[in-house]
Amino acid sequence: MSKITAAINLTLDGMCDHTVLSPDEAIHDHYTALIDQADAILYGRVTYELMKYWKPFITRPSGEPAMDNFAIAIDRIPKIVFSHTLQHPDWNTATLAKRSLEETVQSFKQQPPGIVLVGSRSLIVTLTNLNLIDEYQLCLHPVIAGKGLTLFDQLAQRTVLRLITTKTFSSGAILLTYQPTQ
């Protein structure tokens with residue numbers, strides 16, 4: 001059975017806003033390793049479009065190994081995009097979902113052991129409401145945004161999690177890994 005892992009960066013006040021975060025080399029290395037272990041990553045259209053930022057680094061590396069390695073990992077991993085408006089993903093390793101999010105995740109859960117990442121806020125919320133996430137990796141950055149899109153503002157019910165591990169980065173960011181208790 002594949003493990004469904006929600007992985008997302010947040011500000012201390014719970015905002016999902018990549019424009020206010022500055023991941024350092026160690027954080028890029030963490031996510032590169034996570035992606036290298038995974039079989040696929042699920043995105044909504046908005047996050048998928050944001051991740052296309054990394055495509056140019058494949059042909060024109062930045063010279064920063066952590067960023068370039070992350071770009072290679074994100075380019076290589078199969079991406080399944082859930083969108084009602086995107087017609088053709090313009091990334092060789094991306095496909096549009098043919099089934100609903102719930103059906104897709106249930107199908108992954110029936111496959112041999114592996115890891116499927118969920119990298120979009122909207123998908124994380126939906127899958128939390130469906131009780132289909134096996135692990136949450138929340139990377140809290142030492143930034144207070146003060147406004148923006150919060151991660152868990154649309155939950156249908158209270159969800160209790162158990163802390164599994166923590167990892168502190170030199171930047172002050174903390175990776176908190178949780179599993180649902182149910």
Side-chain angles (χ1 to χ4, degrees), residues 1-11 15-83 86-98 101 104-105 107-109 111-124 127 133-143 151 164-177:
M1 176 166 93
S2 286
K3 177 171 68 171
I4 308 302
T5 299
I8 197 161
N9 290 286
L10 300 166
T11 63
M15 302 300 159
C16 306
D17 184 349
H18 74 284
T19 65
V20 299
L21 304 175
S22 299
D24 64 6
E25 181 178 318
I27 292 172
H28 279 114
D29 288 344
H30 167 77
Y31 282 109
T32 298
L34 182 64
I35 290 166
D36 283 343
Q37 296 171 19
D39 301 310
I41 190 164
L42 311 180
Y43 285 130
R45 182 196 53 81
V46 172
T47 306
Y48 169 74
E49 296 287 343
L50 291 171
M51 294 308 290
K52 290 192 321 188
Y53 166 86
W54 295 100
K55 284 181 70 175
F57 289 88
I58 301 305
T59 55
R60 292 183 309 279
S62 71
E64 294 182 40
M67 289 180 64
D68 295 338
N69 291 337
F70 179 82
I72 291 167
I74 204 68
D75 182 60
R76 185 175 41 231
I77 191 168
K79 291 163 271 305
I80 301 171
V81 183
F82 293 84
S83 175
L86 186 65
Q87 298 298 314
H88 305 286
D90 58 349
W91 206 331
N92 292 341
T93 54
T95 58
L96 289 174
K98 294 176 178 55
L101 177 61
T104 301
V105 169
S107 174
F108 274 118
K109 284 184 165 278
Q111 294 180 12
I115 299 172
V116 175
L117 300 174
V118 184
S120 291
R121 174 211 173 263
S122 61
L123 302 185
I124 291 170
L127 292 173
I133 294 182
D134 301 307
E135 179 178 275
Y136 294 84
Q137 287 198 16
L138 308 176
C139 189
L140 295 178
H141 293 257
V143 173
L151 177 56
I164 303 301
T165 63
T166 63
K167 180 178 182 178
T168 303
F169 297 95
S170 61
S171 66
I174 302 171
L175 180 72
L176 303 166
T177 304

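These values consider heavy atoms only, across backbone and side chains, with no hydrogens, waters or symmetry-generated copies.
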Contacts under 3.5 angstrom, residues 113-122 side chains, donor-acceptor by atom type, not counting sequence neighbours:
{"residue": "Ser120", "atom": "OG", "partner": "Gly44", "partner atom": "N", "Å": "2.8"}
{"residue": "Ser120", "atom": "OG", "partner": "Thr47", "partner atom": "OG1", "Å": "3.1"}
{"residue": "Arg121", "atom": "NE", "partner": "Thr150", "partner atom": "O", "Å": "2.7"}
{"residue": "Arg121", "atom": "NH2", "partner": "Thr150", "partner atom": "O", "Å": "3.4"}
{"residue": "Arg121", "atom": "NH2", "partner": "Asp153", "partner atom": "OD1", "Å": "2.3"}

**Item:** Phe82 and Thr104: CA distance, side-chain angles, deciding distance, side-chain contact (heavy atoms from CB on, under 4.5 Å) verdict
**Value:** CA-CA 10 Å; Phe82 293 84; Thr104 301; 3.8 Å; yes
To the nearest 0.5 Å, tell me how far [X] [atom1] sits from [Y] [atom2].
X	Y	atom1	atom2	answer
His141	Leu10	NE2	CG	8.0 Å
Gln137	Leu175	CD	CG	5.0 Å
Thr11	Leu151	OG1	CG	10.0 Å
Ile8	Leu123	CD1	CG	9.5 Å
Tyr48	Lys79	OH	NZ	7.5 Å
Leu176	Thr168	CG	OG1	8.5 Å

Closest approach of [X] to [Y] (non-hydrogen atoms, all atoms of both residues):
X	Y	answer
Ala173	Pro142	N-CD, 3.7 Å
Leu96	Gln87	CD1-O, 3.2 Å
Ala40	Ile77	C-CD1, 3.7 Å
Ile35	Ala73	CG2-O, 3.5 Å

**Message:** Below 30° counts as parallel, above 60° as perpendicular, anything between as tilted: where do the rings of His30 and Phe169 land?
**Reply:**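 Answer is perpendicular, since the angle exceeds 60°.
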**Asked** Which is it for Tyr136 and Ile124 under the side-chain contact (heavy atoms from CB on, under 4.5 Å) test, yes or no, and what are the steps along the way?
**Response** CA-CA 9 Å; Tyr136 294 84; Ile124 291 170; 4.3 Å; yes
Answer whether the closest heavy-atom distance between the side chains of [X] and [Y] falls below 4.5 Å.
X	Y	result
His18	Leu50	yes
Lys109	Asp134	yes
Asp75	Ile72	no
Tyr31	Asn9	yes

Can you sort out the partners of [X] under side chain to side chain donor-acceptor pair (under 3.5 Å), two or more places apart, ordered by chain and number?
X	value
Ser170	none
Asn92	none
His28	none
Ser62	Asp68

**Request:** Take Glu64 and Glu25, measure what side-chain contact (heavy atoms from CB on, under 4.5 Å) needs, and give me the verdict at the end.
**Result:** CA-CA 9 Å; Glu64 294 182 40; Glu25 181 178 318; over 6 Å; no
**Request:** Mark yes or no for whether Ser2, through its side chain, and Phe108, through its backbone, hold a donor-acceptor pair below 3.5 Å.
**Result:**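 Pair found, side chain donor or acceptor close to backbone of Phe108.
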**Request:** Check whether any side-chain N or O of Lys167 sits under 3.5 Å from a backbone N or O of Cys139 as a donor-acceptor pair, and report yes or no.
**Result:**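 Here the side-chain-to-backbone pair does not exist.
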**Item:** side-chain contact (heavy atoms from CB on, under 4.5 Å) between Asp17 and Val143, worked out
**Value:** CA-CA 10 Å; Asp17 184 349; Val143 173; over 6 Å; no
**Asked** Could you give all pairs that pass the salt bridge (charged side-chain N to carboxylate O under 4.0 Å, His left out) test and reach residues 47-62, with sequence neighbours left out?
**Response**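 Qualifying pairs, neighbours excluded: Glu49-Lys52, Lys52-Asp90.
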